[in-house]
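Data first, discussion second: the structure below is written as C-alpha cells.
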Amino acid sequence: MAGNMFDIQEELKKLPDKPGVYLMHDAHDAIIYVGKAVNLKNRVRQYFRASHNEGIRKDQMVKQIACFEYIITDSELEALVLECNLIKEHRPKYNTLLKDDKTYPYIKVTLGETYPRVLFSRQMKKDKSQYFGPYTSAGAVKDTIDLIQKIYCLRTCSRQLPRDTGKDRPCLNYHIHQCKAPCQGYISPEEYRAQIKKALDFLNGNYKPVIAELTEKMQAASDALEFEKAMECRDLINSVRQVSEKQKVTSSDGEDKDIIALAKDDRDAVVQVFFVRDGRLIGREHFYVTIAVGDTTKQILTSFVKQFYAGTPFIPKEIMLQTEIEEEEIIEQWLSGRRGQKVRIRVPQKGMKEKLVDLAQKNARLVLNQDKERLKREEGRTIGAMKEIAKLLGIEGLNRVEAFDISNTNGFESVGSMVVYEKGKPCRSDYRKFKLRTVTGPDDYASMYEVLTRRFTHGMEERRERAEKKLDDAYGSFTRFPDLIMMDGGRGQVNIALRVLEELGLSIPVCGMVKDDFHRTRGLYFNNVELPIDRDSEGFKLITRIQDEAHRFAIEFHRSLRSKEQVHSALDDIPGIGPARRKALMRYFQSIDAIRAASVEQLCEAESMNERAARAVYQFFHDEKGSGEDAKKFL
C-alpha cells in the first residue's frame with residue numbers, strides 16, 4: 001500500500017468495532033509497529049488524537065506512520081497470539097516488549113515417553129510431544145498443569161522410565177496420593193496411558209466434568225465456612241476456563257498452509273489469503289478480482305488458485321479453501337509437481353481449520369465492503385467533481401481537462417507544463433513539458449502563447465498525418481484535444497488561450513483558475529465572468545488539485561534544468577558583482593524587481609556593497625541599452 005495514496009483520517013472512519021491486530025507502516029511501507037486491540041476502532045484512533053499520550057517512543061512512531069492495515073479476529077486471545085506471530089515475523093522497529101521468542105506459554109504432553117508428563121513450555125518443537133496453546137496467562141497454565149497432575153495423578157519427575165524404575169524411593173507426591181509412582185512400577189504403562197488420555201480430553205476442551213466437580217467442592221467448602229479452600233477452588237476454576245479458551249491462529253502441527261476465502265458482489269470479488277508457516281499465522285494478502293455476472297464462488301476460486309500459484313515461488317503443503325474447486329485432482333498434481341512433494345487441497349468442514357477459513361472470509365468481506373465505500377467516495381472526488389465543474393460552466397460531456405502553467409527564475413530557463421485529468425484523475429502518461437524557444441525574460445503571456453501554439457499545432461499535424469496514412473482512430477496524447485482548457489490565471493491568461501485557438505481555428509472552452517491575495521484558488525474565470533465556487537464542494541477541491549499539479553509539474557521541470565552551473569539571473573551579467581554581493585543583494589531585497597527599483601543609496605545598505613558597486617548595479621538596470629556597458633566605468 002502506498003502511503004501517498006492513503007488518507008489516514010478517512011481510513012480511521014472505516015475501522016471496525018472488532019478485536020484484531022493492526023500494523024503501522026512508514027513512508028517506505030516498512031512495518032514499524034504491530035499491536036493488538038480488543039476494539040480496533042477505539043485503539044487505533046487513540047494514536048492520532050492530539051490529547052493522547054503514548055510516551056516519547058510511541059509519539060516518535062506516530063510521526064512516521066504513513067498508513068496502517070489490520071486483521072480482524074474472533075477474540076482478544078486470537079488477536080494477542082497473532083500479534084506475537086507477526087512481531088516474530090517482521091521484527092518491527094517500535095516493538096520492544098514482544099520480541100522474545102518465549103513470549104507465550106504452551107502445555108506440552110510428552111507422548112514420546114512411556115510414562116508421559118504434562119509440562120510447561122515456552123517453545124513448540126517438532127518432536128513426538130503434543131502441544132496446546134499458546135496461551136495468554138502463564139499463571140493460569142501453571143495452575144492448570146498442577147490441577148491436571150493432581151486430578152489424574154500424573155508424574156512430575158524427570159526420571160528416565162522404565163530405565164530408572166525402582167532405583168530410588170517414590171517421591172512425596174506418591175505419599176500424599178497425587179502420583180501412582182510409575183517410578184516403582186506400581187502402575188502399568190497401559191493404566192497410566194488411560195489417565196493421560198483423560199488429561200488430553202480435558203486439554204481438548206472436555207472440562208465441564210472438572211469444573212462441575214470443583215464447583216461442588218467450592219460450594220461444600222463455603223458451606224463449611226472453609227473460605228480459604230473455597231477460594232482455591234474458585235481460582236482453579238478460573239484458570240481452567242482461561243486455558244480452555246480456544247484460538248486458531250497457531251497450531252501444533254508445525255506445517256505450512258495457505259488459507260483462501262473470498263467475498264463477492266455482482267461485479268467484484270476480494271480473495272483473502274492467510275499464510276501459515278511452521279504452524280503460525282504470519283501474514284495475509286488480499287487480491288481484487290473482476291468477475292462476470294453469474295460467476296460462482298467455485299469458478300472464481302478455481303481461476304484464482306491457478307493464477308496465484310502459477311506466479312508464486314512457494315507452494316505450501318496444504319491449501320484450505322472455503323469451497324471445492326473445479327479440476328481439483330489435476331490442480332493438486334500440478335502443485336505437487338511444483339513443490340516436489342504431495343500438496344493437499346482441503347475444504348475443512350469443522351474444527352479450528354474451518355473456523356480459520358471462516359476468519360479469512362470475514363476479512364475478505366470487510367475489505368470488499370470498505371472498498372465499495374472507498375470507490376463511492378473516489379467517484380465523488382473524481383467523476384462527481386467533473387460533473388460539478390461542467391454544470392458550473394454549462395459544458396456537456398466534460399471528460400478530459402488540460403491545465404497549463406509557466407515557471408521561471410527571473411526570466412531564466414522559462415518552461416511550460418501541461419497536465420491532463422481524465423474523469424477527474426491525473427493521466428500522467430499524457431503530461432508534457434515545454435522548454436521555451438522564442439521567449440526571453442519573464443514574459444508569462446508570451447510564454448503561454450508559445451506553449452499553447454506548439455501544443456495544438458503539434459496535435460493538428462499528427463491528426464493530418466494519421467488521416468493521410470488512413471490510420472485507425474487510436475489517438476495519441478497530442479491528437480486528443482481536451483473538452484476544457486484550464487489556465488493558471490485570470491482574464492489575461494484566458495485571452496491568450498482564446499487567441500491561440502482562434503488563430504488555429506479550434507473551438508475549445510477555456511477557463512482561468514483565479515487565486516486570491518493569499519495565492520489560494522477562489523474561483524473560475526469563464527466567458528468574461530468570475531464564477532465563485534463553494535469551497536467545500538468536490539468540484540472546488542478538484543480545481544485546486546489540478547492547479548497545484550500544473551504548478552508542481554512546471555516547477556519540477558524547471559528545477560531539473562537548473563544546476564549550480566545553470567543558475568542564472570540578471571545580476572550575473574553585471575561586471576564586478578560576484579557571488580557574495582549577488583547573495584547579499586538578493587538576501588536584502590528579496591527579488592530582482594526590488595533591486596531594479598532601488599536607488600544607489602538603498603543599494604549601499606546591502607551587506608558587502610559600496611558606492612562604486614551600487615552605482616554599477618543601478619547603471620546596469622537603468623541603461624537604456626540594457627547592456628551594462630556604462631556600469632563598467634564605475635568598477
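No hydrogens, no waters, no symmetry mates; every other heavy atom, side chains included, goes into these values.
Between L392 atom CG and L398 atom CG the span is 11.0 Å, to the nearest 0.5 Å. To the nearest 0.5 angstrom, F274 atom CZ is 14.0 Å from K257 atom NZ. Q361 CD to Q322 CD: the interatomic distance, rounded to the nearest 0.5 Å, is 5.5 Å. Here M487 contributes atom CE and D405 contributes atom CG; the two are 9.0 Å apart, rounded to the nearest 0.5 Å. With rounding to the nearest 0.5 Å, the separation of CG in L301 from CD in E326 is 10.0 Å. Distance check, rounded to the nearest 0.5 Å: CD of E332 to CD1 of I345 gives 4.5 Å.
The local environment of NZ in K18 is sparse, with at most 12 non-hydrogen atoms from other residues, nucleotides or ligands closer than 6.0 Å. Other residues, nucleotides and ligands contribute more than 12 heavy atoms inside 6.0 Å of the NZ atom of K41. The local environment of CD in Q341 is crowded, with over 12 non-hydrogen atoms from other residues, nucleotides or ligands closer than 6.0 Å. Counting heavy-atom neighbours within 6.0 Å of K342 NZ, excluding the residue itself, gives a total above 12.
We find that D483 and R400 are not joined by a salt bridge, their nearest charged nitrogen and carboxylate oxygen being 4.0 Å or further apart. In summary, K541 and D536 do not engage in a salt bridge, as defined by a charged side-chain N under 4.0 Å from a carboxylate O. At a threshold of 4.0 Å, the pair E11-K14 counts as salt-bridged, since one of the basic side-chain nitrogens sits closer than that to a carboxylate oxygen.
Among all heavy-atom pairs drawn from P509 and F526, the shortest one is CB-CE1, 4.1 Å. The minimum heavy-atom distance linking D256 with P316 is given by the pair O-CB, 3.6 Å. When all heavy atoms are compared, the tightest approach of G539 to I389 is O-CD1, 3.9 Å. Contact between L15 and F68 at its shortest, heavy atoms only, is CD2-CE1, 3.8 Å. Nearest approach of P348 to L321, heavy atoms of both residues: CD-O, 3.7 Å. The minimum heavy-atom distance between V343 and S336, with the atom names listed, is N-OG, 2.9 Å.
Results of the side chain to side chain contact (heavy atoms under 4.5 Å, CB included) test with K362 over I71, I72, T73 single out I72 as the only residue that passes.
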**Message:** Could you go through N363 and Q272, starting from their C-alpha distance and side-chain angles, then the distance that decides it, and tell me whether this counts as side-chain hydrogen bond (donor to acceptor under 3.5 Å, both in side chains)?
**Reply:** CA-CA 7 Å; N363 277 271; Q272 187 86 199; 5.5 Å; no

**Request:** Determine, step by step, whether M24 and I65 satisfy the side chain to side chain contact (heavy atoms under 4.5 Å, CB included) criterion, reporting the C-alpha distance in whole Å, the side-chain angles of both residues, the deciding distance to 0.1 Å, and the verdict.
**Result:** CA-CA 6 Å; M24 303 298 193; I65 296 174; 3.7 Å; yes

**Request:** Apply side chain to side chain contact (heavy atoms under 4.5 Å, CB included) to the pair I325 and I331, showing each step before the final yes or no.
**Result:** CA-CA 9 Å; I325 59 175; I331 293 175; 3.8 Å; yes

**Message:** Does R480 form a salt bridge (Lys or Arg N to Asp or Glu O under 4.0 Å) with E422? I'd like the steps, not just the answer.
**Reply:** CA-CA 11 Å; R480 296 179 61 200; E422 288 189 347; 2.5 Å; yes

**Intermediate values then yes/no, salt bridge (Lys or Arg N to Asp or Glu O under 4.0 Å), D127 and K108** = CA-CA 11 Å; D127 53 20; K108 176 180 179 180; 3.7 Å; yes

**Asked** Yes or no on side chain to side chain contact (heavy atoms under 4.5 Å, CB included) for K423 and T382, after CA distance, side-chain angles and deciding distance?
**Response** CA-CA 6 Å; K423 296 181 179 180; T382 56; 5.8 Å; no

**Request:** Report the C-alpha distance between R365 and L368 in whole Å, list the side-chain angles of each, state the deciding distance to 0.1 Å, and finish with yes or no for side chain to side chain contact (heavy atoms under 4.5 Å, CB included).
**Result:** CA-CA 5 Å; R365 174 60 60 186; L368 181 63; 3.6 Å; yes

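The closest side-chain donor-acceptor pair between Q64 and D26, if any, does not fall under 3.5 angstrom. The closest side-chain donor-acceptor pair between Q46 and R43 falls under 3.5 angstrom.
Looking at I508 and F481, their side chains come closer than 4.5 Å, going by heavy atoms from C-beta outward. Taking the side chain as every heavy atom from C-beta outward, V109 and S129 never approach each other to under 4.5 Å. Q60 is not listed as a side-chain neighbour of K63, based on a closest heavy-atom distance of 4.5 Å or more. Proximity of I260 to M320: side-chain heavy atoms (C-beta onward) are nowhere separated by under 4.5 Å. Side-chain atoms of C67 and D29, non-hydrogen and from C-beta on, do get closer than 4.5 Å to each other.
Residues Y22 and Y47 bring their aromatic ring centres within 6.0 Å.
Ring orientation note: the planes of F308 and F287 are nearly perpendicular, at an angle over 60° on the 30°/60° scale. Ring-plane geometry between F553 and Y431 is classed as perpendicular, the angle between the planes exceeding 60 degrees on a 0 to 90 degree scale with a lower cut at 30.
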